[in-house]
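Notes follow the structure.
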Amino acid sequence: MLKLLPQEESLRLRTFFEDAGYAEANLRRNLGAPELPSRNLRNLPRLLDRTSSPTLVNVLLRWFWLHRTQTIAEIAGLIPDEILALLLKSGLLEANGDELAASVMLLPFEGFLVASDHPSAIEAQEAEMVLWPNPTSKFLARFAVRRHSSATLDLGTGSGILSLGAARHSDIVIATDLNARAVTFAQFNARLNGIENVEVVVGDCFAPVSDRRFDLILSNPPFFITPQTDYLFCENSMELDGLCRRLVKEAPTYLNEGGYMEMLCEWAQISGQPWEERIKEWLEGTGCDVWVMKGLTQDPAEYAQHRIREVSQDSSRDSELYDGYMNYYRQRGVEAIHDGLIVMRRREGNNWIRIEEVPKTPTGELGELILSTFAAHDLLQAMTEDEKLLAIRPQLAPNVRLEQICKAGGSQWRAESLTLRLISGFPFHMAMQPLVAEFLATCDGSQTADEAIQAFAATAGAPIEQVRRECLMMIRKLIERGFIVLAPEA
């Protein structure tokens, strides 16, 4: 089992890995792609071949990525004795005679070095295995709000990857997990990365922090909707999506005013009920503004096959498991399973709820996108009266572009379409007419909306009342989508 080293020894280990080049860029360079050995992919021979040269980084990759045993003779002259002693003392390596084997996988991510169980733990059906930083945890890390937080909660921390990132902008991070092994890994990873403001405790849901309040809550809970509870990291004992509903209902109690909760989740669509209605019921009466971003939708059969492949390497049980999954869904009227991100902000007053399907390829500073989107809704709520909206100085956001598509014809290019597009965040886009595009170009922060609209009406030769009504409607939509922001005050 992993053992916490004194801070000085942890620093020496971390520096050793850094100097050895055990980093994301070198994983791609040495392995060709940062993929794990997989029975399904049959990629182990290729990965072993690419790490066959007797170099220090290849020795580390074979231990901490490929999970291969190596002898003392094979590593001779590559690892200093004092470092080898620390690897054994910390539990990262285990000795069996003259053979040395890694007890964990080490994954470099965003400047951190993260210890977790190796994927072989799934094949061994270890219920308390600790998952490595996977696509979902990396996705939530990208969306995490990165402003100062007096206290942050990482609920269901696993390896602690979200805590490590949150520690950079938090006075203190409390990381919790029902799995005692996960608590050990998260404590080890904080110490290995030289982070001292993370406290890790064991417990279920909000029980370990019942007397605390937070500016930020991050949660990547075990949200799989399955009939079994074989693995703590992905499955839970509550019916369907009951755990995610519970967390949404309980979270506001633990948020400071203005505090955010961000949670990845899945929810079921039940026969006869639109998916929006089910998720909206979770949110009603929470005292929070909420943005729900729906991502992937799968039918039960597709979902069952996908989850079985993730949690079982034994194909001999595929039919048995699939039948169990499908009976579970049919008995409960499940028509589809959706995944997404729920962001809640505690705020007194008249709360708003925004539920939508979003494009699947967001880019840029996504934590900042969360803050700017909530700020846009605040602005719209404060500008319900046309007179107030007419007085603002609208300005196109820096990430707005106008895209024109032309078609060749008659020996010349003819404009076919105009599209207003965001090039970072979610790639929202809107079709534009040329005259409207010209109006938006005048939204540069130098004049009020009223002044821009009056000039536009004069140019178009249209009645001012009609132009004002249509322009204000468009401005509201563009503010909501992030195309228009307020010009900074002089």
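Quick note: numbers below take in every heavy atom, side chains included, and nothing from hydrogens, waters or symmetry partners.
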May I ask you to check whether [X] and [Y] show a side-chain donor-acceptor distance below 3.5 Å?
X      : Y      : result
Trp291 : Glu356 : yes
Thr55  : Asn58  : yes
Asp171 : Ser150 : no

Expected output: side-chain [X] to main-chain [Y] donor-acceptor under 3.5 Å:
X      : Y      : answer
Asn189 : Ala115 : yes
Tyr231 : Ile122 : yes
Arg191 : Leu4   : no
Arg62  : Thr51  : yes
Arg401 : Arg421 : no
Arg14  : Leu192 : yes
Arg481 : His429 : no
Tyr22  : Phe16  : no
Asn179 : Glu128 : yes
Asp241 : Ala268 : yes

Using 30° and 60° as the class boundaries, would you call the ring planes of [X] and [Y] parallel, tilted or perpendicular?
X      : Y      : value
Phe17  : Phe64  : perpendicular
Tyr329 : Tyr325 : perpendicular
His67  : His118 : parallel

Heavy-atom distance under 4.5 Å between the side chains of [X] and [Y], does that happen here?
X      : Y      : value
Pro427 : Thr361 : yes
Gln228 : Leu321 : yes
Met293 : Ile370 : yes
Asn134 : Glu310 : no
Met261 : Arg346 : no
Trp282 : Val292 : no
Thr157 : Val198 : no
Arg50  : Leu61  : no

Practice problem: Using the side chain to side chain contact (heavy atoms under 4.5 Å, CB included) rule, pick out the option among Leu240, Leu243, Asp339 that qualifies with Glu266. | Solution: Asp339

Quiz prompt | Arg307 charged N/C atom sitting above Phe224 aromatic ring, 6.0 Å / 45° | solution =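 Relative to the ring axis of Phe224, which defines the angle, Arg307 lies inside both limits.
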
Self-check item: Gln70 vs Glu99, side-chain contact (heavy atoms from CB on, under 4.5 Å): CA-CA, chis, key distance, verdict
Solution: CA-CA 6 Å; Gln70 298 176 94; Glu99 293 185 334; over 6 Å; no

Minimum-distance pair of heavy atoms, taken over all atoms of [X] and [Y]:
X      : Y      : answer
Asp177 : Ala182 : CG-CB, 3.6 Å
Cys244 : Phe223 : SG-CB, 3.6 Å
Arg345 : Gly258 : CG-O, 3.9 Å
Glu276 : Ile355 : O-CD1, 4.1 Å
Leu44  : Arg68  : CD2-NH1, 3.6 Å
Glu235 : Thr229 : OE1-C, 3.5 Å

Quiz item: For the rings on Trp132 and Phe185, is their centre-to-centre separation under 6.0 Å?
Solution: no

Are more than 12 heavy atoms from other residues, nucleotides or ligands located less than 6.0 Å from atom [atom1] of [X]?
X      : atom1 : result
Asp81  : CG    : no
Arg28  : CZ    : no
Lys280 : NZ    : no
Glu335 : CD    : yes
Glu250 : CD    : yes
Gln305 : CD    : no

To the nearest 0.5 Å, what is the distance between [atom1] on [X] and [atom2] on [Y]?
X      : Y      : atom1 : atom2 : result
Leu92  : Leu106 : CG    : CG    : 5.5 Å
Cys265 : Ile342 : SG    : CD1   : 3.5 Å
Met344 : Ile353 : CE    : CD1   : 8.5 Å
Arg354 : Phe374 : CZ    : CZ    : 9.0 Å
Asn256 : Asp215 : CG    : CG    : 5.0 Å
Glu262 : Phe143 : CD    : CZ    : 8.5 Å

Exercise. Start with the C-alpha gap between Glu110 and Lys138, add the side-chain angles, then the distance that decides, and say whether salt bridge (charged side-chain N to carboxylate O under 4.0 Å, His left out) holds.
Key: CA-CA 10 Å; Glu110 291 194 350; Lys138 291 179 181 180; over 6 Å; no

Practice problem: Step by step, work out the salt bridge (charged side-chain N to carboxylate O under 4.0 Å, His left out) result for Glu126 and Arg181. | Solution: CA-CA 11 Å; Glu126 296 176 9; Arg181 289 190 77 250; 5.1 Å; no

Practice problem: Go through the steps for Glu196 and Gln7 under the test side-chain contact (heavy atoms from CB on, under 4.5 Å), then give the verdict. | Solution: CA-CA 9 Å; Glu196 301 179 18; Gln7 292 179 1; 3.3 Å; yes

Exercise. Any chance you could lay out the side-chain contact (heavy atoms from CB on, under 4.5 Å) test for Tyr254 and Arg212, step after step, and finish with the verdict?
Key: CA-CA 7 Å; Tyr254 302 94; Arg212 304 290 294 265; 5.9 Å; no

Self-check item: Worked verdict on Val248 versus Arg245 for side-chain contact (heavy atoms from CB on, under 4.5 Å)
Solution: CA-CA 5 Å; Val248 166; Arg245 180 184 183 277; 5.8 Å; no

